Structure formats: structure tokens, C-alpha cells
Amino acid sequence: MNELTEILNRKELSRNDIIYLLSLEDKASLDSLYKKAYETKVKYVEKKVFFRGIIEFSNICAKNCYYCGIRKDNKKVKRFMMTEAEILEGAKWAYQSGYGSLVLQAGERMDEHFVDLVEKILIDIKRISDNKLGITLSLGEQMPETYRRWFAAGAHRYLLRIETSNIELYRSLHPADHDFNFRFECIRQLRKIGYQVGTGVMIGLPGQTIEHLADDILFMKNNDVDMIGMGPFIPHKDTPLADSLGNFEEKKQSQLELGLKMIAVARLFLKDVNIAATTALQSLNRVGRELGLQAGANIIMPNITDTKYRDAYQLYDNKPCLDENSTICKQCLKNRIATLGETIGYNEWGDSPHFLEKNKC
Ligand code: SAH
Ligand code: SF4
């Protein structure tokens, strides 16, 4: 048996095994990795994709992450906040289209007006969907009391990427007042309150090594996450990291590949968690999300934001589907998933089996 086969057949991967797998480059080895990850996915989370319709409802952000296109100091962005009626319209569309759940994402704001508004929107979404639509929030760092209120109002999952589990690398990507430890503490609080917790990282960041990425996978396991949302870093032209990877055109393929390897290794190592094939993969390759599903992911987050706002919510350059409305996206995804031989879990929450197992009475 060669070394790769031996590693892929191990029950538990070590840190060195993870580093070995993330370093693979030749096509035959990568195919073996993806195949094994796919088998693991089928065994633990079925051959079924769940949709989370994502509404990116505001690009107003109080923070200044160096990588992000909607950071506060990017004065070129026209700021927007959708009205409650527009958000509810999107939620209604998701519900009627059989999307079992919704993700509400926005720039980070801790002010009282915003906290109250989100609480009200959550209550209203639950009401118009007869309590059936599952709601995931991705609204950054908040006070524990805010997380509690939003949980009580109906949100039951929360995505908060740690971005990188390496504190020095984190510091190189954020201004000094963006605190890694506070972000980490937020993840702990979310779990304590009862949310299904998702985290993740950006992949292929300037200064990031394969060892950092291996440690990110260990971080997710050690923190017992239920969901993973991670994707390749894609520079945005109006940010301090615009040129940090040199000529990005030349890097696209390797960024995509690294993203897929991370999904595959995360699937092998964490097994029964939900893993998203993120939009950043699709930005690098038209069928990037489908490649993600084939590498072990089982969640897709179709953008259902009103197209008139999409241009202003660009966290990175060349975000796809800026002008395709939700109905076109739904049809296009449905066809592509059918060609992969997978089904779509319509009208289901598609909770993380890992979370359900932990909370079994
Ligand atoms: N403000 C919230 C949610 C919106 S940002 C928060 O920060 O948690 C959602 C995610 O977009 C971030 O966690 C980050 O991982 C990702 N992101 C931002 N800029 C990016 C870039 N240039 N390339 C890839 N992902 C990026
Ligand atoms: Fe704001 Fe999130 Fe972008 Fe950071 S990553 S600038 S918190 S939207």
C-alpha cells in the first residue's frame, strides 16, 4: 500500500497526516483524496445538498478587516441597509421555494438600533413562515446578551469565522483593536447559549502556511464545531491586501485547489459536520461549488438578495451572480446538482448531524 492510501484508510488523522494531505498536488493523488472525502460524506451526511438562501441585508460595517471590500474605511462603497419589508420579501421567497432555511448576513454593528431591528426581523420571519424557516445568522461579534436575544427570537445557527486560528496571522490581517480572543470568546458564548455553531477560515491568505491550515482544521475539531464555512481568500482591489498575492490571475487555480483540499480534509477529520461549498469557490471557477460538493461539502448558500443591492456587497472582487435573480439561480443549481447525482433537501432544516448527535436525549 502506498503512503497516501495508508493515510486515507486511517481511522484518525494526525497533524502530520493533515499536512501531508494538504500538500498533495498531482492529479491522481488529489482525485483519491476527493474520492475518499466523498465516501465519508455519503456515510455521515448522505448524498443530499441543503440550501440556505442567503440575504446580505446591509454592507454598513463598523470594522476594518484588511481583506474585506466593505470595510469601514473603503469610501468607494455605497452603503445600504435593506428595509424590513424587503428582507421579509426575500424570506417569503425562500420559504415558498422550499429552501428549508435562511442565512442573514451583514457587516458588523453592535448598536442598539441594529440589535433591536434584527430581533424584530427574526420574530417576523418566524411568523410569516409558520415557524418553519430555519434561521442562521452571520452578523459578526456581539455581546452575549445580544446573542441570547436573537436566539430567543428564533435564530438557531450562527456562523462566525475565526478567519485564522493563528493569533499572529490574525493580527497581521486586522487593525490592533480587532481582538482575536474576543472573537474566540464569542464562539464559546454562542455554543453556551445553544446555537449550532459554525466557524471557518479564509484559505490562501498572505503569510498563511500549510501548517497554519492544518492547525485550523484541528481548531475546528477541538472546538467541537457543528458547521464549517470556509473559502479561498480573494483580494479586493480597494483594500490594503489588494496586491498581497501578486498577480491573482495566476493564483486562481491554486487558491481553488487549496480550498477544495481543505474541504476534503475537514470532511475526513470531522466527519459528521455540515460543510458549505462557499461562493468564493464559485468566483474562482464557474462550477466551483459543485467541485466543493464533490470534495465533501453538503451545503450551498444561494444568494437570494435583491439584485439591486448585490453590487454594493462585494467582500472580494468578481463575486459571481451579481445580476442573476434568485429564481434563475435556483433553477441553475437544481440542474447542476442533479447531474452530480445528488438530491436537494427541500423544506428541511438540514441540521448538522454532529449537533443532533450531541443533543440526543
Ligand atoms: N461581518 C460578518 C459577516 C460578513 S463577512 C463577519 O465578519 O463575520 C463574512 C466573511 O466573508 C468573513 O468572515 C470573511 O471570512 C469573508 N471574507 C471577507 N473578505 C474576504 C475576501 N477578500 N476573500 C474571501 N473571503 C472574504
Ligand atoms: Fe466587516 Fe465582516 Fe468585512 Fe470584517 S469581514 S470588514 S467585520 S463585513
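Order of appearance sets the numbers: ligands from 1, and atoms from 1 within every ligand. The structure displayed is predicted, hence computed values, not measured ones. All values below come from the heavy atoms of this structure, side chains included, with hydrogens, waters and symmetry mates left out.
- At a cut-off of 2.8 Å, H178 does not coordinate atom 4 (Fe) of ligand 2 through any N, O or S atom.
- Nearest protein neighbour of atom 14 (C) of ligand 1, counting heavy atoms only, is E163 OE1, 3.4 Å.
- Remark: K27 engages D31 in a salt bridge, criterion side-chain N to carboxylate O under 4.0 Å.
- For ligand 1, the atoms closer than 4.0 angstrom to any heavy atom of C68 are 19 (N).
- The proximity of M202 to ligand 1, defined as any non-hydrogen pair under 4.0 Å, is limited to the side chain.
- At least one heavy atom of S138 sits less than 4.0 Å from an atom of ligand 1.
- Residues F114 and G107 share a closest heavy-atom pair of CZ-O, 4.4 Å.
- At the top of the distance list for atom 3 (Fe) of ligand 2, counting protein heavy atoms only, stands C68 SG, 2.4 Å.
- Looking at Q255, its side chain does come within 3.5 Å of a backbone N or O of F233 through a donor-acceptor pair.
- For atom 1 (N) of ligand 1, the nearest protein heavy atom (residue, atom name, distance) is A106 O, 3.1 Å.
- Residue contact check for ligand 1: Y313 places a non-hydrogen atom closer than 4.0 Å to it.
- Between E257 and K261 there is no salt bridge, since no side-chain nitrogen of the basic residue lies less than 4.0 Å from a carboxylate oxygen of the acidic one.
- Closest protein heavy atom to atom 8 (O) of ligand 1: R183 NH2, 3.2 Å.
- The single protein non-hydrogen atom nearest to atom 11 (O) of ligand 1 is L315 CD1, 3.3 Å, given as residue, atom name and distance.
- Taking the six-membered ring wherever Trp is involved, the centroid distance between the rings of F184 and F219 falls below 6.0 Å.
- Q105 NE2, 3.6 Å is the protein heavy atom nearest to atom 9 (C) of ligand 1.
- For Y66, no heavy-atom contact with ligand 1 is shorter than 4.0 Å.
- Here the heavy atom of the protein found nearest to atom 4 (Fe) of ligand 2 is C65 SG, 2.3 Å.
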_As a quick check of understanding, evaluate salt bridge (charged side-chain N to carboxylate O under 4.0 Å, His left out) for D351 and R157, giving each step before the final call._
CA-CA 9 Å; D351 281 336; R157 307 187 184 114; 2.8 Å; yes
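- In L315, neither the side chain nor the backbone holds a heavy atom less than 4.0 Å from any atom of ligand 2.
- Remark: of the listed residues K41, K334, R336, R289, K41 is the sole one forming a salt bridge (Lys or Arg N to Asp or Glu O under 4.0 Å) with E342.
- Taking every heavy atom of G107 and a limit of under 4.0 angstrom, the matching atoms of ligand 2 come to 8 (S).
- Residue contacts with ligand 1 for P232 involve N, CA, C or O but no side-chain atom from C-beta outward (heavy atoms, distance under 4.0 Å).
- Between Y147 and L160 there is a side-chain heavy-atom pair separated by less than 4.5 Å.
- Under the ring-ring contact (aromatic ring centres under 6.0 Å, His included) test applied with H174, the options Y66, F180, Y67 reduce to a single match, Y67.
- Closest to atom 2 (Fe) of ligand 2, if we only count protein heavy atoms, is C61 SG, 4.6 Å.
- A donor-acceptor pair under 3.5 Å is formed between the side chain of D317 and the backbone N or O of K237.
- Minimum heavy-atom separation, A295 to I263: O-CG2, 3.7 Å.
- Cation-pi contact between K221 and F269: present, with separation from the ring centre below 6.0 Å and deviation from the ring axis of at most 45°.
- Taking atom 23 (N) of ligand 1 as the reference point, the nearest protein heavy-atom neighbour is I234 N, 3.0 Å.
- Interface atoms of ligand 2 facing I70, defined by a heavy-atom separation under 4.0 Å, are 8 (S).
- Between W93 and Y99, the ring planes are perpendicular. Angles over 60° get that label, and only those under 30° would be called parallel.
- Nearest to atom 16 (C) of ligand 1 among the protein's heavy atoms is R161 NH1, 3.7 Å.
- Using a non-hydrogen distance threshold of 4.0 Å, P235 does not register as a contact of ligand 1.
- In this structure, the protein non-hydrogen atom closest to atom 19 (N) of ligand 1 is Y67 CD1, 3.4 Å.
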